There are 2 protein chains.
Amino acid sequence: MIRPTIKTVAAEAGVSTATVSYVLAGRTKGQGSGISEATATRVHAAANALGYRPNQAARTIRTGKSNLMMLSLTMLSDPWSLSVSKAVGAAVASAGITPMILADTDWRTAIKRQGADVIFIDAADREGDAELLTELARSNHLVVFSETLEPNGFDVIRSVAGTTMAQAMDHLTATHSKVACVAPGNSLRSSTTIRYGAYLDGLKRAGIDFRPDYVAAFEGDELSAYQAAVALLQQPDPPTAIFATSDYAAIAAVHAAQGLRLAVPEDVAVIGIGNTLQGEMMAPSLSSVGPSDFFTRLADFLVDRANDHGKPHRELEFPWRLFLRDSAPAVS
Amino acid sequence: MIRPTIKTVAAEAGVSTATVSYVLAGRTKGQGSGISEATATRVHAAANALGYRPNQAARTIRTGKSNLMMLSLTMLSDPWSLSVSKAVGAAVASAGITPMILADTDWRTAIKRQGADVIFIDAADREGDAELLTELARSNHLVVFSETLEPNGFDVIRSVAGTTMAQAMDHLTATHSKVACVAPGNSLRSSTTIRYGAYLDGLKRAGIDFRPDYVAAFEGDELSAYQAAVALLQQPDPPTAIFATSDYAAIAAVHAAQGLRLAVPEDVAVIGIGNTLQGEMMAPSLSSVGPSDFFTRLADFLVDRANDHGKPHRELEFPWRLFLRDSAPAVS
DNA sequence: ATGAAAGCGCTAACAT
DNA sequence: ATGTTAGCGCTTTCAT
C-alpha cells in the first residue's frame with residue numbers, strides 16, 4: 001500500500017528526482033532539457049519495475065491543475081444527463097482529463113470541498129444560487145446550464161428555443177387538422193409551461209379548435225407515456241399528428257402507434273422536443289425541435305475551459321432548429 | 001481567481017498558520033491544543049472575510065486522505081447504478097466524503113490517474129482484469145463487485161443467489177400450472193443463463209411441460225419488455241403466473257397486465273429478480289428474489305472502507321432471499 | 001546532460 | 001496558549 005515516489009524511482013535509476021520528472025513528462029533530448037536517451041530508458045525501466053504512478057495531489061498542488069472535470073448532474077436517470085456524460089467521455093479521451101459525475105449530491109456543498117479544473121452545473125435554480133455561483137466562481141471555473149442566469153464570473157450555457165416550437169406546430173397543422181399533444185401531467189395544470197403553450201398557440205394560429213381528448217398526459221416515466229399514447233390513438237376519432245413535449249414522449253408515441261399497427265408518418269406524424277441522439281437513431285428517425293450538436297459542442301467547450309483558465313467568461317447560446325426527419329418529413 | 005491560503009488568513013488574523021490550521025480543524029480549547037475562544041473567533045472571522053476554502057490537494061498530500069469516494073458504474077442508465085448512487089449519497093452525507101461517479105469512462109485507465117480513499121468497481125470481467133486489479137490495489141483501496149473474482153489485495157462484494165430462484169419457481173408452480181417467463185432475448189439463446197435456467201428447472205421439478213409460447217423475449221429496454229408481456233398475456237390460453245428474470249421486466253409485466261385489465265395477483269402472479277426499491281414501492285408491491293439491504297449495506301461498507309485503510313481485505317456476501325409481496329403473496 | 005534546491009498549501013510534532 | 005518548523009510528492013528555475 002506504500003506507493004513508490006519519484007524519489008524511489010530516482011534512487012533506483014541512479015539519477016536525481018529532477019531527471020525523473022523530466023523524463024516522465026516526456027521532456028527528453030528534443031524539448032525542454034536534453035536528457036540522454038540512455039538515462040531516459042533507465043528511468044522508464046525503473047519506473048516500470050517499481051510500478052510507479054504519479055501522485056495527482058502533489059502534481060495538482062504544484063501546477064494548480066487537477067486534470068479533473070466535474071459534472072454535476074441532478075437527474076442521473078434523465079437521458080439528457082446520459083447524453084452529457086457520453087459526449088464528455090468521448091471529448092475528454094485524448095485530453096488526459098478525468099470526468100467525474102457528481103450525482104444528486106448537492107454541488108452546493110460538494111464544490112466547496114472538492115475542486116476541479118472545470119465544473120459543469122446542470123441546474124442552479126434555487127433561491128440564492130446566483131450569488132453562490134459568483135462566490136464559488138472566485139476559486140473554480142464554473143460552467144452553468146441555465147435559461148435565466150447571466151454570466152457573472154462563470155460561463156453560461158443557454159439553449160434558445162425562440163420560435164422553433166411554433167415552426168414545428170405550423171409544420172404539423174399545415175397538413176393535419178387532428179393534432180394531439182403528449183405532455184407530462186404537471187405541465188397541463190400550469191398552462192404557463194412553454195412547450196404546452198406552443199401547442200395551444202399553434203392550434204390557435206391554424207384556426208383549429210382545442211379538443212381535450214387530444215391531450216394525453218403522462219406521469220414522467222416512459223411506460224406511462226406509452227400507455228397515454230396508446231389510449232390517445234385507440235379512441236374512435238384518433239389524431240393524425242402528435243406534438244410531444246419531449247423526445248422521450250415522442251419515442252413512446254411512435255412505439256405506441258407501431259404497436260397498434262399504425263404507420264409513422266403515414267397514419268400518424270410525430271414531432272418531439274430535444275433533438276436527442278436516441279430519437280435520431282430510431283426507425284423511423286424522429287423529427288424534433290432542439291439545439292444541434294448540443295452535447296458534442298458542450299463537451300468540447302468544457303474540455304477547452306479545462307485547459308485554459310483566464311479567458312473571459314462567456315455566454316454560449318444554442319439556438320434551436322426544427323429537424324424534419326422521417327416521423328414527420330418535409331413535404332416535397 | 002487567486003485563492004486565499006491559510007497563510008493569508010493567518011496574516012489577516014495576526015496569528016500563525018498553525019493556529020489557523022488548528023482552529024479550522026475545530027481543535028480549540030477542548031481537544032488537541034488549547035486555542036482561546038478569542039483567537040478562534042478572530043480566525044473564523046478572517047477566514048470568512050477572505051472567503052477561505054481549504055485546498056484539498058494540499059490536504060491530501062499531507063494527510064494521505066482525499067475524502068473522495070469513486071464509483072465506477074459501467075451502465076449509468078441501469079436502475080442498479082442509480083440505486084448505488086442514491087444509497088451512497090445518503091450514507092456519505094455525514095461522513096464528509098464526496099462521492100464521484102466514473103461513468104463508462106474506463107476505470108482501467110482513470111484509476112491510474114486519479115486516486116480516492118476508496119474505489120468501487122461494478123464490473124471487472126474483462127480479460128486480465130484480475131491481475132490489473134491486484135496491481136491497482138497496491139496503491140488504491142478497491143472494492144469490486146463480482147460473482148467470480150476472489151479477494152486479492154482488494155475487497156469483493158458478491159451476491160449469492162444459491163437456491164433462492166428455485167424457491168421462487170416452486171412458489172409459483174405450487175399454485176399455478178401455467179407459468180410463463182419474461183427474459184431478455186439473448187439469455188434464451190444460451191440456455192446456460194442461470195436465471196432462465198432456474199425457470200426451466202422449476203418447470204421440470206413441478207412436472208410441467210415447457211411451452212415455447214410461454215416464453216416472452218425482450219430486447220433490453222423497458223418498452224420492449226412491456227410489449228412482450230402484452231403479447232404473452234393476449235394469447236388465447238394465457239399464463240396465470242410470470243417468472244421475470246429481472247425486476248425491470250417484472251414491473252413491465254405488471255403494468256402490461258394492468259393495461260389489459262387483468263388483476264395482479266388474482267389473474268396473474270408475478271415474481272421478479274433483483275429486489276429493487278422500485279419494485280418494492282409499486283402497487284401492487286413486487287415479489288422478488290434478491291439480496292436484502294444490498295444498496296444500503298454496500299454504501300455503509302464503502303464509507304467504512306474510506307475511513308480506515310489497513311483492515312484486512314474481505315469478501316462480503318449478500319445471500320439472496322425470496323421476498324413475497326403483493327404481486328405473488330404467500331398462501332395463508 | 002544532469003543535479004540542487006525552492007516552494008506549492010497544508011498538518012502535526014515539538015518548542016516556547 | 002500559540003508559534004516554529006519539517007516535511008508530503010512533485011515541478012522547475014538555476015547552477016554546474
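Within every chain, numbering begins at 1; the chains are lettered A, B, ... in the order of the sequence lines, protein sequences first and strands thereafter. Predicted, not measured: the structure shown is a model, and the values here were computed from it.
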- Message: Assess the residue pair A/Phe120 and A/Trp107 against the criterion (ring pair (Phe, Tyr, Trp, His ring centres under 6.0 Å)); give the C-alpha distance rounded to whole Å, side-chain angles, the decisive distance to 0.1 Å, and a yes or no.
- Response: CA-CA 10 Å; A/Phe120 173 70; A/Trp107 56 264; over 10 Å; no
- Step by step, work out the ring pair (Phe, Tyr, Trp, His ring centres under 6.0 Å) result for B/Phe145 and B/Phe294. CA-CA 12 Å; B/Phe145 180 71; B/Phe294 178 75; 5.7 Å; yes
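Counting only residues at least two apart or on different chains, the salt bridge (charged side-chain N to carboxylate O under 4.0 Å, His left out) pairs with a member in residues 141-161 of chain A are A/Glu150-A/Arg158, A/Asp155-A/Arg305, A/Arg158-A/Glu315, A/Arg158-A/Glu317.
Here C/dT2 presents its P atom at 11 Å from CD of A/Glu37, a figure rounded to the nearest Å. If you measure from atom NZ of B/Lys7 to atom P of C/dG7, you get 9 Å, rounded to the nearest angstrom. B/Tyr22 places its OH atom 11 Å from the P atom of C/dC14, with the value rounded to the nearest Å. Between the NZ atom of A/Lys65 and the P atom of D/dC10 there is a distance of 18 Å, given to the nearest Å. Regarding B/Arg59, its CZ atom lies at a distance of 13 Å from the C1' atom of C/dA12, rounded to whole Å. If you take CZ of B/Arg113 and P of D/dG9, they are 22 Å apart, rounded to a whole angstrom.
Across all strands, B/Thr5 comes closer than 4.0 Å only to sugar-phosphate atoms, never to a base (heavy-atom distances). Backbone-only engagement by A/Thr39 is indicated by non-hydrogen atom pairs under 4.0 Å involving sugar-phosphate atoms exclusively.
In this structure, of D/dC10, D/dT5, C/dA13, it is D/dT5 that holds the atom nearest to the side chain of B/Thr17. You'll find that the side chain of A/Ser36 is closest to C/dA1, out of C/dA1, D/dT12, D/dA1. In the set D/dT4, D/dT12, C/dC10, the nucleotide with an atom closest to the side chain of B/Ile6 is C/dC10.
Closest-nucleotide positions on DNA chain D for B/Ile61 and B/Ala18 were compared, and the one nearer the 5' end corresponds to B/Ala18. Comparing A/Asn55 and B/Val15, the nucleotide of DNA chain D nearest to each residue sits closer to the 5' end for B/Val15. Projected onto DNA chain C by closest heavy-atom contact, B/Ser21 and A/Thr19 fall at different nucleotides, the more 5' of which corresponds to A/Thr19.
The side chain of B/Thr63 contributes no N or O atom lying less than 4.0 Å from OP1 or OP2 of D/dC8. Between A/Tyr52 and D/dC10 there is a side-chain N or O to OP1 or OP2 distance below 4.0 Å.
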Give the table of side-chain donor-acceptor pairs shorter than 3.5 Å for residues 10-21 of chain B, with sequence neighbours excluded, one pair per line with atom names and distance.
{"residue": "B/Ser16", "atom": "OG", "partner": "B/Ala18", "partner atom": "N", "Å": "3.3"}
{"residue": "B/Ser16", "atom": "OG", "partner": "B/Thr19", "partner atom": "N", "Å": "3.3"}
{"residue": "B/Ser16", "atom": "OG", "partner": "B/Thr19", "partner atom": "OG1", "Å": "3.2"}

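For the residue pair A/Ser139 and B/Arg53, no side-chain donor N or O sits within less than 3.5 Å of a side-chain acceptor on the partner.
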